[in-house]
**Student:** 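Got a structure for you, written out below as structure tokens; questions coming shortly.
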Amino acid sequence: QVQLAESGGGLVQPGGSLRLSCAASGRTFSDYAMGWFRQAPGKEREFVTAVNAGWTGDNRYYADSVKGRFTIFRDNAKNTVYLQMNSLKPEDTAVYYCAARWGRWSEVDIDSWGQGTQVTVSS
């Protein structure tokens, strides 16, 4: 019901920044909570951040490992969710996945996943 297309990954030095984008197709983007996960080599998939579908408010969630460095935000008019990553560390290296869930955010019953985009933080 919703298809996700990610972009923005790449190579960055420690302390640098990247912005990931996730563009959604379909007419119901505003009905979905959006989130980001990541999976590093040899590690399990890890929750990063999520935001609910409301136009206003601070109903956002962040993993402790990224709090204060990463910001999730969405533009419902453009059917796009973003992940702004600042002060990047080598341990942030992972494949980052966009996720959509109908209604309010939860890690269960994810409706759609992006294809993943590689983020590499290295000097």
Side-chain angles (χ1 to χ4, degrees):
Q1 65 282 354
V2 58
Q3 290 77 46
L4 307 177
E6 297 172 322
S7 62
L11 175 65
V12 64
Q13 294 190 351
S17 298
L18 281 175
R19 188 183 73 175
L20 306 183
S21 299
C22 177
S25 64
R27 303 177 182 178
T28 59
F29 178 74
S30 62
D31 294 330
Y32 289 84
M34 302 296 298
W36 291 90
F37 293 81
R38 66 186 183 185
Q39 188 165 20
K43 303 289 186 179
E44 295 184 349
R45 187 178 62 195
E46 174 189 18
F47 169 76
V48 177
T49 182
V51 61
N52 280 312
W55 291 93
T56 60
D58 283 334
N59 196 357
R60 308 179 194 185
Y61 311 93
Y62 294 96
D64 288 342
S65 59
V66 307
K67 194 173 300 181
R69 300 187 298 119
F70 290 12
T71 303
I72 186 171
F73 59 101
R74 65 191 295 160
D75 187 338
N76 286 353
K78 297 180 178 179
N79 285 7
T80 302
V81 65
Y82 303 91
L83 179 61
Q84 180 66 47
M85 304 184 294
N86 298 327
S87 301
L88 282 162
K89 305 174 181 179
E91 50 262 46
D92 295 317
T93 296
V95 177
Y96 283 72
Y97 297 92
C98 180
R101 184 187 190 275
W102 185 89
R104 296 188 64 80
W105 176 257
S106 172
E107 292 189 35
V108 302
D109 296 328
I110 300 296
D111 292 291
S112 297
W113 292 90
Q115 77 281 5
T117 185
Q118 176 71 48
V119 173
T120 302
V121 184
S122 176
S123 60

**Student:** Can we say Asp64 and Lys67 salt-bridge, meaning some charged N sits less than 4.0 Å from an Asp/Glu carboxylate O?
**Tutor:**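 So Asp64 pairs with Lys67 through a salt bridge.
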**Student:** Heavy atoms, side chains only, cut-off 4.5 Å: are Trp113 and Leu4 in contact?
**Tutor:**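 They are not in contact (no side-chain heavy atoms under 4.5 Å apart), so the answer is no.
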**Student:** Ser122 and Leu11: side chain to side chain contact (heavy atoms under 4.5 Å, CB included), yes or no, with the steps?
**Tutor:** CA-CA 7 Å; Ser122 176; Leu11 175 65; 4.3 Å; yes
**Student:** Mind checking what makes ring pair (Phe, Tyr, Trp, His ring centres under 6.0 Å) contact with Phe29, not counting sequence neighbours?
**Tutor:**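 Here no residue qualifies.
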**Student:** Do the rings of Phe37 and Phe47 sit parallel, tilted or perpendicular, given the 30° and 60° boundaries?
**Tutor:**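 Rings of Phe37 and Phe47: perpendicular, over 60°.
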**Student:** What is the minimum heavy-atom distance between Tyr32 and Asp111, and which atoms define it?
**Tutor:**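 Minimum heavy-atom separation between Tyr32 and Asp111: CE2-OD2, 3.9 Å.
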**Student:** With the 4.5 Å side-chain cut-off for hydrophobic clustering, are Val119 and Val48 part of the same group?
**Tutor:**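 Per the 4.5 Å side-chain linkage, Val119 and Val48 are co-clustered.
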**Student:** Quick one: does Val51's side chain get under 4.5 Å of Asn59's, heavy atoms only?
**Tutor:**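 Heavy-atom side-chain distance check fails, nothing below 4.5 Å.
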**Student:** What is the minimum heavy-atom distance between Thr120 and Gln118, and which atoms define it?
**Tutor:**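 Closest approach of Thr120 to Gln118, heavy atoms only: OG1-NE2, 3.4 Å.
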**Student:** Quick one: CE on Met34 to OG1 on Thr80, what's the gap to the nearest 0.5 Å?
**Tutor:**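 Met34 CE to Thr80 OG1: 9.0 Å, rounded to 0.5 Å.
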**Student:** Just so I know, are the side chains of Pro90 and Pro14 near enough to count as touching, which here means a heavy-atom distance under 4.5 Å?
**Tutor:**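 The answer is yes, as the side chains (C-beta and beyond) meet within the 4.5 Å cut-off.
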**Student:** Ignoring hydrogens, what is the shortest heavy-atom contact between Ile110 and Ala100? Give both atom names and the distance.
**Tutor:**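 Looks like CG2-O, 3.6 Å.
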**Student:** Are the side chains of Phe70 and Asp92 in touch, meaning some heavy atoms are under 4.5 Å apart?
**Tutor:**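 In short, these two side chains touch, coming nearer than 4.5 Å.
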**Student:** For Asp31, give me all partners under side chain to side chain donor-acceptor pair (under 3.5 Å), at least two apart in sequence or on another chain.
**Tutor:**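 Partners of Asp31 by the side chain to side chain donor-acceptor pair (under 3.5 Å) criterion come out as none, since no residue qualifies.
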**Student:** How many angstroms lie between atom OH of Tyr61 and atom OG of Ser106, to the nearest 0.5 angstrom?
**Tutor:**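 Going from the OH atom of Tyr61 to the OG atom of Ser106 covers 9.5 Å.
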**Student:** For residues Tyr62 and Ile72, determine if any side-chain heavy atom of one lies less than 4.5 Å from a side-chain heavy atom of the other.
**Tutor:**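 They are in contact (side-chain heavy atoms under 4.5 Å apart), so the answer is yes.
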**Student:** Hydrophobic cluster membership, with links at side-chain heavy-atom distances under 4.5 Å among I/L/V/M/F/W/Y: are Leu20 and Val12 in one?
**Tutor:**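 In one cluster with Leu20: Val12, yes.
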**Student:** Any chance you could measure Trp36, atom CH2, to Glu46, atom CD, to the nearest 0.5 Å?
**Tutor:**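 One finds 14.5 Å between CH2 of Trp36 and CD of Glu46.
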**Student:** Output all residues satisfying side chain to side chain donor-acceptor pair (under 3.5 Å) with Gln84, sequence neighbours left out; order by chain, then residue number.
**Tutor:**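 Counting only residues at least two positions away or on another chain, Gln84 forms a side chain to side chain donor-acceptor pair (under 3.5 Å) with Asn86.
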**Student:** With rounding to the nearest 0.5 Å, note down the distance linking OG1 in Thr49 to OH in Tyr96.
**Tutor:**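 If we round to the nearest 0.5 Å, Thr49:OG1 and Tyr96:OH are 11.5 Å apart.
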**Student:** For Val2 and Ser112, which heavy atoms make the closest approach, and how far apart are they?
**Tutor:**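 Here Val2 and Ser112 meet closest at O-OG, 2.6 Å.
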**Student:** Supply the atom-to-atom distance Lys78 NZ to Ser21 OG, rounded to the nearest 0.5 angstrom.
**Tutor:**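 If we round to the nearest 0.5 Å, Lys78:NZ and Ser21:OG are 9.5 Å apart.
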**Student:** Would you give the length of the straight line joining atom CZ of Arg38 to atom CZ of Arg45, rounded to the nearest 0.5 angstrom?
**Tutor:**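 Rounded to the nearest 0.5 Å, the CZ-CZ separation comes to 14.0 Å.
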**Student:** What are the two closest heavy atoms between Val108 and Arg101, and how far apart are they?
**Tutor:**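 Minimum heavy-atom contact is O-NE, 2.8 Å.
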**Student:** Where do Cys98 and Gln115 land on the side chain to side chain contact (heavy atoms under 4.5 Å, CB included) test, with the steps shown first?
**Tutor:** CA-CA 8 Å; Cys98 180; Gln115 77 281 5; over 6 Å; no
**Student:** Taking the side chain as every heavy atom from C-beta outward, state whether Glu91 and Ser65 have any pair of such atoms under 4.5 Å apart.
**Tutor:**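 The answer is no, as the side chains (C-beta and beyond) never meet within the 4.5 Å cut-off.
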**Student:** With distance as the sole test, does Glu6 use its side chain to make a donor-acceptor pair with the main-chain N or O of Gly116 at under 3.5 Å?
**Tutor:**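 Judged by distance alone, yes, a pair lies under 3.5 Å.
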**Student:** Where do Ala53 and Ser30 come nearest, in terms of heavy atoms and distance?
**Tutor:**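 Closest heavy-atom pair between Ala53 and Ser30: CB-O, 3.0 Å.
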**Student:** Can you confirm whether the side chains of Tyr82 and Arg19 place a donor and an acceptor under 3.5 Å from each other?
**Tutor:**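 On atom types as modelled, these side chains do not qualify, holding no pair under 3.5 Å.
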**Student:** Are Val121 and Leu18 side-chain neighbours, meaning at least one heavy-atom pair lies under 4.5 Å?
**Tutor:**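 No, every pair of side-chain atoms sits at 4.5 Å or beyond.
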**Student:** Are the side chains of Thr117 and Ser7 in contact, using a 4.5 Å heavy-atom criterion?
**Tutor:**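 They are not in side-chain contact.
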